[in-house]
Amino acid sequence: MTTTRDEPPTTREGLDIEVDPWVPVTMTDGSRAVYGLRGLLADAHRIESLAVGAPPAECALLRVLYALGLRVSGLDEMSGSDRYELLMQGRFDPGLVDEYFTQYAGRFALFDPMRPWMQDPRLPSQMDTVVKSGPRVGQLDRRTSGIGKLVASRASASSSAWFGAFHDGAPVPVPAADAVLHLLTWLWWGQGGPQGPARTTAGHSGQHAAVGPLRGLVSYHPTGRTLYEAIVLGVPDTELADPGGDVAPWEADELPDPDGPLPGVAGPVSLLTGRAQHALLLVPDEDRRAAEDVYVAWAWPSALPPVMDPYLNWLEGAKGQQYAQRAKVGRALFRDVDGLLLPRPPGSARRGPLIMDAIHDAPAEVLDHVGVAAYGFEQDRERAGGERGWYKAVTPAVLRLLRDEEAANAGRLATVRERAERCADRLVWAVDSVWQETAVSAGGERAERSPLGMRALAAYWPLAESAFWHVLEQQAWDEAMAVYGRLAVGVYDQLTQEITDGHEPRTVRAVIRHRGKVASVLPGTDKAATDGEAA
């Protein structure tokens, strides 16, 4: 069912995310629509992609959709043959979709007083206090966090705003449809440390929470021609270790016990939906169309046991340890593609996202059209705040390189990427040398990295990424060095012209002298000559 987003909630519990519209999408015919979860799954084959706008929220929503997609497929876990059959089937069975949501009717209301979706209704009783003195003695003191804390782009407490002049002194309610997305962002990307008012249970009292499972990281997901393909391809093949315990929060008969044993991963659904470190509760406004406040607290007194998230790229540290790749705003996605697709070197702790292994045997007619979407949120994982920016980047159809017959071309990706990075290094070396020489000669301080070097990278990497996809599409592997060399030299010439026009001769001489450092990457260049020119 698609309707406009302005339509009012249909239940007394406010927005029912099962049927009320809140998820913006792009249809396969290019039109836009807004769905509830039931209609979204039923029409997934007619939807091209999500159009959420905020990458962290879209990434979190995708994980929810994977869990729901597995459920409405009628399967408990996904195997290679199951994935193949579902992709050939081409759509979710409408009867199974209706059956699932009928079974859990009432579990998807955002402001339900007993079981609000993905929230903990016990927080007021565990966080509010009774005033013991003064004119308000005996009254309840509501210990909320303020609506600004819910929204990553708003200011909260002493933090700064990104996109608007919001502040705690004049709170602006968040429309219910948007509040769902902010809720999801918090559950997956929320900050650690003290959360404000303390939460007190029978076994623990405190303010501190562990960081959200994706905080500061970049998550990689297969795309498809339709949302249906993206969901089926994205379901992990995690083993179902405990069928009775592998439930989503809205499927569980009881609320989680924060004083009980820390939950582990019982199967794919608990892996996808049960790793939150925070407990939240949205406070609705009077007409239940918006959230006007929020409780934010710890969900567990200590961090949940670590798991191998199937959408993260696992790198190798200096001592051979594994760590998940951090998000970095401005990093070109093509620089990570070979690491996502190629098998790990023997004896290495490095390994690409497990989901890439899971879809290795997808039908060729599907895999030929599948790319990778990267969702990143550059944040500080060690302390509160530190949000530097979020991003989404999508590759063309590259996952065909997972097939065995494409192994040679997949291996060439690393060579092309290394050539692009070598040219970038030479470019920065050259422009930094010019800057340092001219700055020192003018009486300035010598700097390791110049503003000109940073501008050079900002100009180079978008051009290099476009060139990478061209090389891949044309399989012009032998041309890569020449392509990147010309790009690097072009950026050098453009930037240095700005500082030579109308300047003293010594600046011009520095530009000419150091140009050889970057020009040396051009094929056919006399290395001895360029080294002498750069000396």
Side-chain angles (χ1 to χ4, degrees), residues 25-31 40-51 58 62-63 65-75 77-97 220-238 268 310-311 333-334 336-338 340-343 352-374 392-413 468-477:
V25 301
T26 300
M27 308 299 292
T28 54
D29 64 3
S31 62
L40 187 75
L41 292 167
D43 279 359
H45 59 291
R46 298 177 52 236
I47 298 170
E48 180 180 279
S49 61
L50 299 175
E58 183 168 308
L62 267 178
R63 292 169 180 251
L65 292 179
Y66 296 151
L68 290 171
L70 182 62
R71 289 292 195 242
V72 302
S73 70
L75 301 169
E77 56 185 333
M78 185 74 73
S79 67
S81 60
D82 294 327
R83 198 184 309 274
Y84 189 99
E85 291 178 7
L86 283 171
L87 289 168
M88 291 296 93
Q89 177 180 303
R91 64 173 298 176
F92 291 119
D93 183 330
L96 291 177
V97 173
Y220 298 95
H221 300 257
T223 63
R225 292 167 294 184
T226 65
L227 180 61
Y228 174 79
E229 287 185 352
I231 292 174
V232 174
L233 290 167
V235 177
D237 60 357
T238 305
Y311 311 101
L333 177 55
F334 85 90
D336 301 318
V337 167
D338 59 294
L340 304 179
L341 303 182
L342 295 176
L354 297 178
I355 193 62
M356 302 305 169
D357 294 342
I359 64 176
H360 185 277
D361 295 326
E365 55 266 44
V366 174
L367 210 55
D368 281 343
H369 302 278
V370 178
V372 179
K392 174 186 178 182
V394 183
T395 74
V398 296
L399 292 194
R400 64 179 185 275
L401 299 176
L402 289 171
R403 297 202 298 268
D404 292 338
E405 59 268 28
E406 292 278 6
N409 286 335
R412 292 186 179 103
L413 293 180
F468 179 87
W469 302 127
H470 175 76
V471 168
L472 175 59
E473 181 182 357
Q474 302 297 321
Q475 297 193 9
W477 312 112

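For clarity, every value in this text was computed on a predicted model and none was experimentally measured. Each residue takes its place number in the sequence, starting with 1.
Taking all atoms of both residues into account, the shortest heavy-atom contact from V72 to L96 is O-CB, 3.3 Å. Among all heavy-atom pairs drawn from Y220 and D336, the shortest one is OH-OD2, 3.3 Å. Residue I355 comes nearest to G234 through the heavy atom pair CD1-O, 3.5 Å, listed as atom of the first residue, atom of the second, then distance. Of all the heavy atoms in A362 and L367, the pair that sits closest is CB-CD1, 4.1 Å. In terms of heavy atoms, L399 sits closest to G371 at CD1-O, 3.6 Å. In this structure, A410 and L401 approach most closely via the heavy-atom pair CB-O, 3.7 Å.
No side-chain heavy atom of P236 sits under 4.5 Å from any side-chain heavy atom of L354. The shortest distance between side-chain heavy atoms of Y228 and Q89 falls below 4.5 Å. By the 4.5 Å heavy-atom criterion applied to side chains, L70 and P268 are counted as neighbours. Annotation: side chain of I231 is not in contact with side chain of L68 (no heavy-atom distance under 4.5 Å). The shortest distance between side-chain heavy atoms of K392 and E58 falls below 4.5 Å. Counting heavy atoms from C-beta on, the side chains of T223 and S49 never come closer than 4.5 Å. In this structure, V235 and D82 have side chains that are not in contact, with every pair of non-hydrogen atoms separated by 4.5 Å or more. The closest side-chain heavy-atom distance from L75 to L86 is below 4.5 Å.
Applying the salt bridge (Lys or Arg N to Asp or Glu O under 4.0 Å) definition to pairs two or more places apart or across chains, none involves residues 87-96. Residue pairs satisfying the salt bridge (Lys or Arg N to Asp or Glu O under 4.0 Å) criterion with at least one member in residues 356-374, sequence neighbours excluded, are listed as follows: R351-D357, D368-R403.
Taking Y66 as the reference, H221, Y311 meet the ring pair (Phe, Tyr, Trp, His ring centres under 6.0 Å) condition, with sequence neighbours excluded. Legend: residues meeting side-chain contact (heavy atoms from CB on, under 4.5 Å) with T395, ordered by chain and number and at least two apart, are L333, V337, V372, V398, W469. Partners of F468 under the ring pair (Phe, Tyr, Trp, His ring centres under 6.0 Å) rule, at least two apart in sequence or in another chain, are F334. Every residue meeting the side-chain contact (heavy atoms from CB on, under 4.5 Å) condition with S81, not counting sequence neighbours, appears here in chain and number order: S79.
A donor-acceptor pair is defined here as one N or O able to donate and one able to accept, closer than 3.5 Å; such a pair exists between the side chain of R83 and the backbone of V232. Checking side-chain atoms of E229 against main-chain N and O of R225 turns up a donor-acceptor pair under 3.5 Å.
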Audit row: E77, T238, side chain to side chain contact (heavy atoms under 4.5 Å, CB included) steps and yes/no: CA-CA 7 Å; E77 56 185 333; T238 305; over 6 Å; no
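Taking CD1 of I359 as the reference point, atom CG of L87 lies at 9.5 Å (rounded to 0.5 Å). Going from atom CG of L402 over to atom NE2 of H360 covers 6.0 Å, rounded to the nearest 0.5 Å.
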